[in-house]
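Have a look at the structure below before the remarks.
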Amino acid sequence: MDANDRKTCKLTAVSDIQEHRGTDSQWIARKPGAWMLIAGAYLLGGGGMLAWLLFLIAGPHAFRVFDLIPAERVIVDTLLCLAFFIQHSIMVRRWFRLWLTRRVHADFHGALYATAAGTCLLALVLFWQPVGGPLWHPPDWIRWSMMTIFLSAGIGAGWGARSLGEFDALGVKPALQALDPNHAPPPSIFTVRGPYRWVRHPLYLFSLTIIWTGPVFTLDRLLHNGLWTVWIIIGAILEERDLTACFGDAYRNYRQRVPMLLPKSLKPCLPETRHAPEP
């Protein structure tokens with residue numbers, strides 16, 4: 001494997017297949033379909049994320065509370081979480097993106113994912129069923145401490161997202177660039193910078209921190225937190241497989257030197273670099 005192979009992600013196969021297939025039989029035309037998808041990413045993707053964050057801070061405010069026994073409400077809440085987990089886990093997989101290019105141009109994948117994910121999050125927030133009252137009434141200083149950690153983790157998540165490149169949480173930038181017929185997607189480069197020098201999945205670490213420091217202490221919140229924790233850990237393991245297939249030995253070396261979720265020390269494991277870590 002030469003240096004260029006170590007730094008260029010094999011997931012560019014998505015773009016390569018797109019070039020061979022062309023734009024025939026595409027579901028989303030450049031205009032107006034692209035603008036509709038971009039609007040959906042902003043409204044549903046962004047709205048779903050904000051609604052979920054408010055849910056973590058303030059607790060459930062269900063659009064409709066069904067006349068169910070507690071066990072049935074637990075089932076409903078579990079299914080709402082699973083709907084988001086399945087949607088996310090399928091749409092981020094390489095095989096799905098390769099299949100999706102048959103009907104949706106690769107530049108629109110990010111915005112389509114954000115729209116679908118936001119829809120699932122909105123459904124979770126609107127139809128979440130409360131189960132029981134508060135399990136604990138902590139003093140104010142604990143609540144404020146948790147909120148401080150919550151907000152700090154949010155800032156950390158923003159830092160981690162920016163370390164990946166330009167901040168584009170809703171995937172709209174490629175969709176906007178696709179409106180330019182002369183636009184060519186840049187190659188994916190393996191970079192190690194920001195919080196990725198301490199842990200391999202800082203966004204997952206910050207997400208877990210945000211989930212567990214939401215100042216609501218109910219049985220249904222424990223269910224939510226537990227399910228999301230298990231899913232995030234499983235998602236990190238699956239993502240490791242994709243990244244290893246994508247970057248090969250470069251990522252294997254990175255994985256050996258940097259922990260997955262919990263940092264080893266305050267000192268970063270690797271220097272900041274845009275190249276694959278050397279053995």
Side-chain angles (χ1 to χ4, degrees), residues 7-23 26-53 84 87-94 96-122 154-196 201-204 206-207 235 239 242-243 246-247 272-275:
K7 292 185 289 182
T8 301
C9 178
K10 295 178 182 177
L11 288 180
T12 53
V14 174
S15 298
D16 294 339
I17 289 180
Q18 184 71 70
E19 291 182 5
H20 289 295
R21 289 176 176 165
T23 57
Q26 294 283 301
W27 289 344
I28 301 175
R30 299 283 177 163
K31 294 179 182 179
W35 288 113
M36 294 175 63
L37 181 60
I38 291 169
Y42 278 117
L43 294 175
L44 295 174
M49 178 60 68
L50 289 176
W52 180 68
L53 291 174
F84 175 79
Q87 172 271 321
H88 172 89
S89 298
I90 290 177
M91 292 191 72
V92 299
R93 298 277 77 82
R94 180 174 182 255
F96 180 83
R97 293 181 59 195
L98 292 173
W99 172 83
L100 189 61
T101 55
R102 298 181 180 184
R103 292 292 180 263
V104 179
H105 195 279
D107 288 329
F108 300 134
H109 289 186
L112 181 62
Y113 163 79
T115 302
T119 300
C120 290
L121 284 177
L122 283 172
I155 295 173
W159 176 37
R162 285 191 173 274
S163 298
L164 295 173
E166 292 190 34
F167 187 68
D168 185 27
L170 301 178
V172 297
K173 182 180 178 182
L176 289 170
Q177 291 176 334
L179 298 175
D180 178 4
N182 298 320
H183 166 68
S188 299
I189 304 298
F190 184 69
T191 61
V192 180
R193 58 188 176 189
Y196 289 86
H201 299 282
L203 294 182
Y204 290 157
F206 291 128
S207 296
E239 186 174 330
D242 286 348
L243 291 170
C246 175
F247 294 108
E272 187 167 313
T273 176
R274 282 188 57 83
H275 301 284

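- Considering CZ of R97 and CG of D242, their distance stands at 9.5 Å, rounded to 0.5 Å.
- Taking both residues in full, the closest heavy atoms of R193 and S163 are given as NE-O, 2.5 Å, listed atom of the first, atom of the second, then distance.
- Residues L112 and L100 form a side-chain contact, since some pair of their non-hydrogen atoms from C-beta on lies under 4.5 Å apart.
- What you find for L37 and A111 is that their closest heavy atoms are CG-CB, 3.8 Å.
- The two residues L122 and A51 come nearest to each other via the heavy atoms CD2-CB, 3.9 Å.
- Judged by distance alone, with hydrogens and angles left aside, the side-chain atoms of T115 form no donor-acceptor pair with the main-chain N or O of G45 at under 3.5 Å.
- With sequence neighbours left out, the side chain to side chain contact (heavy atoms under 4.5 Å, CB included) criterion links L53 to M49, L56, F150, I210.
- Annotation: ring pair (Phe, Tyr, Trp, His ring centres under 6.0 Å) contacts of F96 (sequence neighbours excluded): W99.
- In this structure, A114 and A41 approach most closely via the heavy-atom pair CB-CB, 4.3 Å.
- Residues satisfying the side-chain hydrogen bond (donor to acceptor under 3.5 Å, both in side chains) criterion with Y196, sequence neighbours excluded, are absent altogether.
- Remark: the backbone N or O of V104 is paired with a side-chain donor or acceptor of H109 at under 3.5 angstrom.
- Of all non-hydrogen atoms in Q87 and A117, the two that sit nearest each other are OE1-CA, 3.3 Å.
- Partners of F206 by ring pair (Phe, Tyr, Trp, His ring centres under 6.0 Å), not counting sequence neighbours: none found.
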